[in-house]
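Notes to accompany the following structure.
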Amino acid sequence: MAAAASSLTIASSFSEPRAQILNSSKRSNLPLQYSIPYKADSRSRSRRLGLVVSSVSAPNVELRTGPDDLISTLLSKVANSDGGVTLSPEQHKEVAQVAGELQKYCVKEPVKNPLIFGDWDVVYCSRPTSPGGGYRSVIGRLFFKTKEMIQGIDSPDIVRNKVSITAFGFLDGDVSLTGKLTALDSEWVQVIFEPPEIKVGSLEFKYGFESEVKLRITYVDEKLRLGLGSRGSLFVFRRRQ
């Protein structure tokens with residue numbers, strides 16, 4: 001969802017050649033030298049200048065960027081951003097722009113493509129609280145540090161979300177969701193999640209209620225998957241090794 005610049009340096013030098021005619025005479029041992037000035041034809045010079053101008057004025061060529069380049073650019077923009085938390089509004093716009101370009105290369109009917117299955121790292125979300133809920137809010141981040149966010153999609157219709165956290169700086173824990181996936185059309189899916197399960201230290205319990213999300217798959221391949229939530233949240237998923 002990236003143009004190349006080139007510089008052209010033209011160095012030219014013009015000199016007027018001099019023809020030398022040496023003529024010797026039997027009566028004299030002194031050579032006679034004549035200098036015949038060379039006057040370049042104005043039309044010839046015009047043609048030369050025309051060639052130089054045409055070489056400088058290169059035609060406008062549309063530079064195309066393939067999906068591999070866009071993926072590299074996208075991942076570099078969201079790297080070390082705590083899932084997008086530390087990015088500025090302008091940087092979020094840049095991520096959205098690259099994602100918009102990348103989705104042009106999406107396969108047809110991505111919901112039916114088996115590439116959606118597997119384990120994915122959630123490396124970016126335009127809204128920090130979309131993955132992880134309150135644990136990723138401004139106040140929640142004061143007490144809970146996110147270590148990783150993972151989404152697994154198991155064939156045929158199981159979705160597993162897990163956010164690994166460190167609570168209060170010393171307690172490791174996980175917040176997990178398990179849901180059932182339903183295809184709404186060739187791009188949109190709906191997932192109904194069971195109540196979340198939390199594990200901190202030796203404590204493990206469920207709390208809350210069921211939840212529902214709708215997500216449009218806008219790109220998927222062997223490396224990357226893009227998703228767009230029904231409320232406009234942009235997700236970037238990178239396949240786990």
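- Hydrophobic clustering (ILVMFWY, side-chain heavy atoms < 4.5 Å, transitive): F170 and F144 are in one cluster.
- Between T218 and G227, the closest heavy-atom pair is OG1-N, 4.2 Å.
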Audit row: D157, K180, salt bridge (Lys or Arg N to Asp or Glu O under 4.0 Å) steps and yes/no: CA-CA 6 Å; D157 58 3; K180 183 177 177 60; 2.4 Å; yes
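- Between Q151 and the options R160, K162, R225, R240, a side-chain hydrogen bond (donor to acceptor under 3.5 Å, both in side chains) holds for only R225.
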request  = Show your working on side-chain contact (heavy atoms from CB on, under 4.5 Å) between E94 and L87 and close with a plain yes or no.
outcome  = CA-CA 10 Å; E94 293 175 1; L87 298 185; over 6 Å; no
_Checking L224 against L75 for the side-chain contact (heavy atoms from CB on, under 4.5 Å) test, could you report, in this order, the C-alpha distance in whole Å, the side-chain angles of both residues, the deciding distance, and whether it holds?_
CA-CA 9 Å; L224 200 82; L75 291 177; 3.7 Å; yes
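- L181 CG to I158 CD1: the interatomic distance, rounded to the nearest 0.5 Å, is 8.5 Å.
- To the nearest 0.5 Å, atom CD1 of residue I217 and atom CG of residue N113 are 9.0 Å apart.
- Taking both residues in full, the closest heavy atoms of G140 and S137 are given as N-OG, 3.0 Å, listed atom of the first, atom of the second, then distance.
- Taking OG1 of T182 as the reference point, atom CD of E212 lies at 9.5 Å (rounded to 0.5 Å).
- Looking at heavy atoms from C-beta onward, V200 lies out of side-chain contact with F168 at the 4.5 angstrom threshold.
- For I139, the CD1 atom counts as loosely surrounded, since its 6.0 Å shell holds 12 or fewer non-hydrogen atoms of other residues, nucleotides or ligands.
- Hydrophobic clustering, with ILVMFWY side chains joined whenever heavy atoms are under 4.5 angstrom apart, keeps V111 apart from L184.
- Considering only heavy atoms from C-beta on, V107 stays 4.5 Å or farther from L115 through its side chain.
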Using the rule given for side-chain contact (heavy atoms from CB on, under 4.5 Å), can you reason through Y219 versus L74, listing the C-alpha separation, both sets of side-chain angles and the distance that settles it, and then say yes or no? CA-CA 13 Å; Y219 182 83; L74 187 60; over 6 Å; no
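- Taking both residues in full, the closest heavy atoms of R127 and P131 are given as O-CD, 3.6 Å, listed atom of the first, atom of the second, then distance.
- Going from atom OG of S130 over to atom CG of L234 covers 10.5 Å, rounded to the nearest 0.5 Å.
- In terms of heavy atoms, F193 sits closest to L177 at CD2-CB, 3.7 Å.
- With respect to M149, the side chain to side chain contact (heavy atoms under 4.5 Å, CB included) criterion is satisfied by exactly one of D121, V122, N161: V122.
- Counting only distance, with no hydrogens or angles, the side chain of S164 and the backbone of K147 share no donor-acceptor pair below 3.5 Å.
- The 12-atom threshold is exceeded at OH of Y207, counting heavy atoms of other residues, nucleotides or ligands nearer than 6.0 Å.
- The side-chain heavy atoms of V175 and Y135, taken from C-beta on, include a pair separated by under 4.5 Å.
- The structure places CG of D172 at 4.5 Å from OG1 of T166, a figure rounded to the nearest 0.5 Å.
- Under the 30°/60° scheme for interplanar angles, the aromatic rings of F235 and F237 are found to lie parallel.
- Note on L228: it does not cluster hydrophobically with V191, by side-chain heavy-atom contacts below 4.5 Å among ILVMFWY residues.
- Counting only distance, with no hydrogens or angles, the side chain of R136 and the backbone of T146 share no donor-acceptor pair below 3.5 Å.
- With respect to E187, the salt bridge (charged side-chain N to carboxylate O under 4.0 Å, His left out) criterion is satisfied by exactly one of R216, K112, K108, K214: R216.
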(message) Between E197 and E204, does the side-chain contact (heavy atoms from CB on, under 4.5 Å) criterion hold? Intermediate values first, please.
(response) CA-CA 7 Å; E197 180 178 343; E204 184 175 349; 2.5 Å; yes
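- A chain of hydrophobic side-chain contacts below 4.5 Å, direct or via other Ile, Leu, Val, Met, Phe, Trp or Tyr residues, connects I71 to L226.
- The two atoms that bring F117 and D154 nearest to each other are CD2-C, 3.8 Å, heavy atoms only.
- In this structure, the side chains of V213 and S230 stay at 4.5 Å or more apart for every pair of heavy atoms.
- Remark: D82 CG to K145 NZ distance equals 8.5 Å, nearest 0.5 Å.
- Looking at V159 and V189, their side chains never come closer than 4.5 Å, going by heavy atoms from C-beta outward.
- Ring geometry, H92 versus Y124: the interplanar angle falls from 30° to 60°, so the pair is classed tilted.
- P196 places none of its side-chain heavy atoms less than 4.5 Å from the side chain of K206.
- For R239, the CZ atom sits in a packed shell: over 12 heavy atoms of surrounding residues, nucleotides or ligands are nearer than 6.0 Å.
- For C125 against S233, the heavy-atom pair with the smallest separation is SG-CB, 4.2 Å.
- The hydrophobic cluster containing I153 does not contain I192, counting ILVMFWY residues as joined when their side-chain heavy atoms lie under 4.5 angstrom apart, directly or transitively.
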